[in-house]
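Since we're looking at a predicted model, the values are computed, not measured. Worth knowing before you read on, the calculation uses all heavy atoms, side chains too, and leaves out hydrogens, waters and symmetry mates. Sequence positions, counted from 1, serve as the residue numbers for this chain.
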Amino acid sequence: MDCSVEGKVAFADGFSYHFATVDAALAFADCVKSSQQPAQCAATHGCTQTVKLEVVKSDDEEEEEQDQAAQNSRPSGG
């Protein structure tokens, strides 16, 4: 399982896990990599908050989808 750490926040399984210290976040990441159980590791290492990550589209992606939708709604010549 992929797990990354940025400061006191670790990311795994579509969630961000917040910790009081960087050491706790790093310990959480090591635990997740070995056990593959982020919920259990979060409880073990003192997670203070868990937030579900949302998929955020960039402005360019949003514009591209709108352009594609506009092209698809145009009547075809014939």
>> Is there a continuous path of hydrophobic side-chain contacts, each under 4.5 Å between heavy atoms, that joins Phe28 to Met1?
In response: yes
> Between Phe15 and Thr50, which heavy-atom pair has the shortest distance, and what is it?
Replying inline: CD2-CG2, 3.6 Å
> Which pair of heavy atoms, one from Ala39 and one from Tyr17, lies closest together, and at what distance?
Replying inline: N-OH, 4.5 Å
>> Minimum heavy-atom separation for Ala20 and Thr48, please, with both atom names.
In response: N-CG2, 4.3 Å
> If you round to the nearest 0.5 Å, how far is NZ of Lys8 from CG of Leu26?
Replying inline: 12.5 Å
> Val32 and Ala12: which non-hydrogen atoms are nearest, and at how many Å?
Replying inline: CG1-CB, 4.3 Å
>> If I compare all heavy atoms of Gln49 with all of Val51, which pair ends up nearest, and what's the gap?
In response: NE2-CG2, 3.6 Å
> Does the pair Phe19 and Cys47 meet the rule for a side chain to side chain contact (heavy atoms under 4.5 Å, CB included), with working shown?
Replying inline: CA-CA 5 Å; Phe19 297 90; Cys47 179; 3.7 Å; yes
> Mind checking whether Val9 and Val22 sit in one hydrophobic cluster, side chains of I, L, V, M, F, W, Y counted as touching below 4.5 Å?
Replying inline: no
> Taking everything shown except Gln36 itself, do over 12 heavy atoms lie less than 6.0 Å from its CD?
Replying inline: yes
> Nearest 0.5 Å, what's the OG-CG distance between Ser35 and Asp30?
Replying inline: 10.5 Å
> What heavy-atom pair brings Cys31 and His45 nearest, and what distance separates the two atoms?
Replying inline: CB-NE2, 3.7 Å
